[in-house]
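One structure below.
Only this structure's heavy atoms are used, side chains among them; waters, hydrogens and symmetry mates stay out. Every chain is numbered from 1, with letters handed out A, B, ... down the list of sequences.
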2 protein chains.
Amino acid sequence: MSSENRCENCIIRQFNSLRAMSKEELKQVSDSKTSKTIKKGEAIFEEGEKLNGVFCVREGVSKLSKLSSNGKDQIVKLATKGEVMGQRSVIAEETSNLSAVAVNDMELCFIPKEVIVNTLHKNPDFTFEVLRLMAHDLKEADDVIVNISQKTVKQRIAEAFIYLKANYGEDAEGFLTLSLSREDIANVVGTATESCIRIISEFKKKGLLKSSGKKLGILDEKKLKDLAEGF
Amino acid sequence: MSSENRCENCIIRQFNSLRAMSKEELKQVSDSKTSKTIKKGEAIFEEGEKLNGVFCVREGVSKLSKLSSNGKDQIVKLATKGEVMGQRSVIAEETSNLSAVAVNDMELCFIPKEVIVNTLHKNPDFTFEVLRLMAHDLKEADDVIVNISQKTVKQRIAEAFIYLKANYGEDAEGFLTLSLSREDIANVVGTATESCIRIISEFKKKGLLKSSGKKLGILDEKKLKDLAEGF
DNA sequence: AAATATATATGATAATTGTCACCTTTTCAA
DNA sequence: TTGAAAAGGTGACAATTATCATATATATTT
């Protein structure tokens with residue numbers, strides 16, 4: 001294995017809990033991990049599946065979603081470069097409550113749970129780091145709950161675009177780096193695909209968004225923000 | 001201080017992360033903690049407030065809510081006997097993202113954050129236990145997101161009553177032990193108070209719920225469950 | 001390049017839910 | 001105990017959003 005594939009040398013690690021691991025622990029992770037390439041649209045794991053480890057995102061974006069009883073998928077979180085997926089299930093020793101599907105082509109590392117659990121019980125710094133990140137996820141989940149229940153679909157879609165720009169940026173021509181389908185956006189904000197399409201069309205007509213092929217870009221961020229806040 | 005007020009002897013502790021503390025750590029907690037009595041309707045802490053410790057619920061129930069930009073309160077969680085409030089903020093070293101208000105008369109212990117943070121960095125078992133409970137909270141939050149965005153108000157209210165019975169039980173006459181105001185129920189499910197009142201009235205007419213004074217009771221749990229599932 | 005599938009778009013309509021106004025009952029403090 | 005405040009309740013209506021049908025554009029496969 002080339003040295004760039006060793007966790008010790010992986011830059012990604014700086015963004016997640018693995019940065020709190022000792023050299024020996026990292027070596028263990030590195031020796032037991034496997035790399036995976038996942039194509040856009042492919043599943044990484046399914047809701048209800050027992051996870052034998054966690055997935056560290058090296059490249060690409062994954063949508064974490066949960067199927068509701070009415071057959072619709074609700075996207076609960078987008079996981080990006082550096083983020084670790086599946087830790088909640090491993091920690092709680094439960095099957096996954098979410099499915100993970102690649103939004104674009106991805107590179108992942110799979111780390112067997114034994115190494116993780118082992119470190120969790122031995123290295124308080126690592127455990128605390130995992131805890132800190134989960135505390136952050138929980139806060140974000142609280143925010144999502146409030147937004148979904150108190151804001152209109154229009155507000156939430158406006159907010160989604162601001163989020164996409166803030167978290168994934170835009171290219172030289174001002175188009176969003178991460179392009180989600182209308183259906184995915186609908187599943188993020190919790191609405192019907194048609195409603196989502198309608199509102200995006202409206203935003204384009206009003207000069208808030210622009211589009212070129214599959215790409216969408218923000219033209220008037222301030223107005224979008226005002227809209228999201230309810231003005 | 002009488003021995004019953006020592007954490008070492010507190011039964012409540014068995015239900016939260018403090019059960020993973022060592023004798024010496026518990027002694028520290030016990031020596032530094034203060035007890036508080038909070039009357040129904042009083043605030044324990046406010047959104048945006050810097051918390052200098054965590055609150056352990058000894059008696060009563062607290063609603064944890066977040067104000068949305070439209071002025072409505074969304075109740076994100078109900079905290080009961082044994083649960084610890086405010087840990088998320090202490091761990092993330094952020095101001096609280098939620099407010100806590102007593103739903104009925106409460107008894108709380110306030111534990112200064114130094115003791116908690118100290119133990120978090122020294123005792124991996126404790127840290128892991130906090131992590132495990134937070135993982136559970138996060139799963140519940142995911143479920144709330146899916147429910148709010150995919151189920152109708154009627155389904156969510158039906159579900160809320162099932163939740164109240166399952167988690168707080170009922171008295172000898174079959175009335176729910178925890179009685180929330182219609183406004184609180186509305187704020188749990190994320191709807192307007194009037195809509196909530198209307199649907200509760202409908203449930204009473206249909207023989208799913210009964211009421212006597214302020215008390216509400218479940219008459220037909222099976223039908224409520226079917227309703228919540230969308231039948 | 002044609003055929004097929006998938007994504008986007010839009011109209012018409014119905015269902016759900018929120019808002020405002022007003023009323024009654026209950027609770028609570030003076 | 002009595003008046004004020006809060007909670008519960010209901011009607012009328014408006015706004016929001018979902019659903020269904022159908023059309024068009026774009027991508028993908030053969």
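We find that CD of E194(A) is positioned 12 Å from P of dT8(C), with the value rounded to whole Å. Residue K72(A) contributes atom NZ, which lies 7 Å from atom C1' of dA18(D) at whole-angstrom precision. Atom NZ of K214(A) and atom C1' of dA7(C) are 6 Å apart (whole Å). Look at CD1 on I197(B): it is 15 Å from C1' on dT17(C), rounded to the nearest Å. If you measure from atom CG of N70(B) to atom P of dC20(C), you get 12 Å, rounded to the nearest angstrom. Rounded to an integer number of Å, the gap from CG of L180(B) to C1' of dA7(D) is 14 Å. Computed from coordinates, the K205(A) NZ to dT10(C) C1' distance equals 8 Å when rounded to whole Å. We find that CD of E202(B) is positioned 11 Å from P of dT17(C), with the value rounded to whole Å.
The six-membered or imidazole ring of F203(A) lies away from that of F161(A), with a centre-to-centre distance of 6.0 Å or more.
Under the 6.0 Å distance and 45° angle rule, K210(B) counts as a cation-pi partner of F175(B).
The side chain of S201(A) sits closest to dA9(C) out of dA7(D), dA9(C), dT8(C).
When each of I200(A) and S149(A) is assigned the nucleotide of DNA chain C with its nearest heavy atom, I200(A) is the one assigned upstream, toward the 5' end. Heavy-atom nearest nucleotides on DNA chain C were determined for T152(B) and for K40(B), and the one closer to the 5' end corresponds to T152(B). Between R156(A) and T193(B), the one whose closest nucleotide on DNA chain D sits nearer the 5' end is T193(B).
Residue contacts shown for T191(A) are limited to sugar-phosphate atoms, with no base heavy atom under 4.0 Å away.
Proximity of S195(B) to the phosphate of dG18(C): a side-chain N or O atom is located under 4.0 Å from OP1 or OP2. Residue R198(A) has no polar side-chain atom (N or O) positioned under 4.0 Å from OP1 or OP2 of dA9(C). Look at K154(A) and you won't find any side-chain N or O under 4.0 angstrom from OP1 or OP2 of dT17(D).
In this structure a side-chain-to-backbone donor-acceptor pair under 3.5 Å is missing from D105(B) to G60(B).
Ionic pairing of K36(B) and E107(B) is not present here: no N-O contact between side-chain nitrogen and carboxylate oxygen is shorter than 4.0 angstrom.
Counting non-hydrogen atoms of other residues, nucleotides and ligands closer than 6.0 Å to NZ of K223(A) gives a total of 12 or fewer.
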